[in-house]
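These notes are about the structure you will find just below.
Below, each value reflects all heavy atoms present in this structure, side chains not excepted, and no hydrogens, waters or symmetry copies. Each chain gets a letter, A, B and so on, in the order its sequence line appears, and its residues count up from 1.
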Number of protein chains: 2
Amino acid sequence: MGAWGTGLYSGDFALDMRSTIRAVARLPVYLRSLLEVAATGTTTISSETLAEMAGVNAAKVRKDLSYLGSFGTRGVGYDVQYLLFQMSAELGLNQEWPVVIVGVGNLGHALANYRGFGERGFPVGALVDADPARRGERVGNLVVHGMDDLDEIVGTHGIAIGVIATPASAAQDVADRLVAAGIRAILNFAPAMVTVPDTVSLRKVDLAVELQILSFYQQRQLPAATA
Amino acid sequence: MGAWGTGLYSGDFALDMRSTIRAVARLPVYLRSLLEVAATGTTTISSETLAEMAGVNAAKVRKDLSYLGSFGTRGVGYDVQYLLFQMSAELGLNQEWPVVIVGVGNLGHALANYRGFGERGFPVGALVDADPARRGERVGNLVVHGMDDLDEIVGTHGIAIGVIATPASAAQDVADRLVAAGIRAILNFAPAMVTVPDTVSLRKVDLAVELQILSFYQQRQLPAATA
DNA sequence: GCATGTGAATAGATTCACAGCG
DNA sequence: CGCTGTGAATCTATTCACATGC
């Protein structure tokens, strides 16, 4: 039975949670491969094929998928459509999750114009900036709001996820305000450590860190072990 | 003695490499904390303080730093300036590493306008796009070149790192061309698996995947274990 | 027969705990 | 004395290998 439940055992997730953050992080990669396969009309796929597409070990694929439930058929493989359905459901991708971007400087502007979020089910619902001078500025088809509007914005737009794209110095304060406004998932692009209550999910992306890691291996003239 | 060498033992890196990709990925985070501390004029720092700033365990900090060499003083801590100097050297941050961005669509455009790269020592040296219609287009103070110019661009601008910001379908081809042009470090933003010869370093950032991971925990109403 | 699902084995990373040294 | 540096212990993740069931 799925460690993450199939709806039959709601409530015991935390107890029965045999999965790991790493397994969760791989699910979207499998999903991508499945979508690719589905587009060719293929109806079933083996863990081996899926593993090759995702660039991982086949046993890992099977174990990761087993956390979702026993969706495969022995001797056959996985039904592509069924697995897609189950995985989308587990990842919560059957609904849209509007995001608010806080900080409309260089990066925030860039992210606001990036259509990739919306295309994948995370439409940018609102923009917020602490600088009063930016208030009212148009970016794409959105208007920049002040920080004080955060509570209202989160409510009216059904915002689920906050994206921090401020300078490092403002990141913690922004995180606190997002949490206070009821946001329970944050993606932090600011190059700063941010802490949140443990009821809130937090992921971090630091573009410069990625480049610095490459620079390290470049410097050493060693290839980086792929992360 | 430093597992990564101090210049005394050049050549034995691969053999003596006790470090891990994960330790390497934490160095830039320590660097950031050190810069912060240095700005306040503090001259020494303990592993405990550094650990707290970086949000990790103190023993981990000490072990990570020990890979660079024995730079601390027992009973005292680490000299901030000296550690900064050594770490910058190990990370190859005493020089600039110009990058070429391939793909000037939404994300590529966004990244090209993002000043964060240049500010941290990774200036955007050139822009390239496969679409002939984009050739000659200006983005900031750069002009978009065709893919065929890649070899020449890499040479004349001393490009060290390639950034892939194309659609998924083009990513592997672009990676191949970057490698053929002599690039040995690649940061891939395209939502696709890319393989490169093992002489080339490859890192991957998929913004949608980060959001999907948050969505998973949101869906479950569980907080994400921070990555 | 064949590929899943999963205990057991292995590999890897983190943390402990303390000897060593300024 | 206090804090580093590191072997040993622990914890986590990956991979193996095979019993299981279509």
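- Ion pairing between A:R220 and B:E90 holds under the 4.0 Å rule for side-chain N and carboxylate O.
- The stretch residues 73-84 of chain B comes close to DNA chain C through B:T73, B:R74, each having a heavy atom under 4.0 Å from the strand.
- The nearest whole Å value for the distance from the CD atom in A:E52 to the P atom in C:dA3 is 14 Å.
- The listed nucleotides are D:dG5, D:dC18, C:dT15; the one nearest the side chain of B:A59 is C:dT15.
- With rounding to whole Å, B:I21 atom CD1 is found 17 Å from C:dA11 atom C1'.
- The side chain of B:N57 places an N or O atom within less than 4.0 Å of a non-bridging phosphate oxygen (OP1 or OP2) of C:dC16.
- With a 4.5 Å cut-off on side-chain heavy atoms, B:I45 and B:Y30 do not count as touching.
- Taking only side-chain nitrogens and oxygens, A:S47 never comes nearer than 4.0 Å to OP1 or OP2 of C:dA3.
- Taking atom CG on A:L68 and atom P on C:dG5, their separation rounds to 10 Å, with Å as the unit.
- B:Y82 and B:F71 have their aromatic ring centers within a separation under 6.0 angstrom.
- Side-chain N/O atoms of A:S46 include none lying less than 4.0 angstrom from OP1 or OP2 on C:dA3.
- The one candidate from A:V37, A:V29, A:V56, A:V61 that meets the side chain to side chain contact (heavy atoms under 4.5 Å, CB included) condition with A:L50 is A:V61.
- Each of B:K63 and B:E48 lies near DNA chain D, and the nucleotide nearest B:E48 is the one positioned closer to the 5' end.
- Counting to the nearest Å, the P atom of C:dG12 and the CG atom of B:D64 are 17 Å from each other.
- For the residue pair A:L187 and B:E210, the shortest heavy atom distance occurs at CD1-CB, 3.9 Å.
- Close to C:dT15, at under 4.0 Å from its OP1 or OP2, lies a side-chain N or O of B:K60.
- A salt bridge is absent between B:D64 and B:K60; no separation between the charged side-chain nitrogens and carboxylate oxygens falls under 4.0 Å.
- Per the geometry, CZ belonging to A:R62 stands 13 Å off C1' belonging to C:dG7, to the nearest Å.
- To the nearest angstrom, P of C:dT4 lies 9 Å from CG of A:L65.
- Residue A:A181 comes nearest to A:L150 through the heavy atom pair CB-CG, 4.2 Å, listed as atom of the first residue, atom of the second, then distance.
- For D:dT14, one of the phosphate oxygens OP1 or OP2 lies less than 4.0 angstrom from a side-chain nitrogen or oxygen of A:R26.
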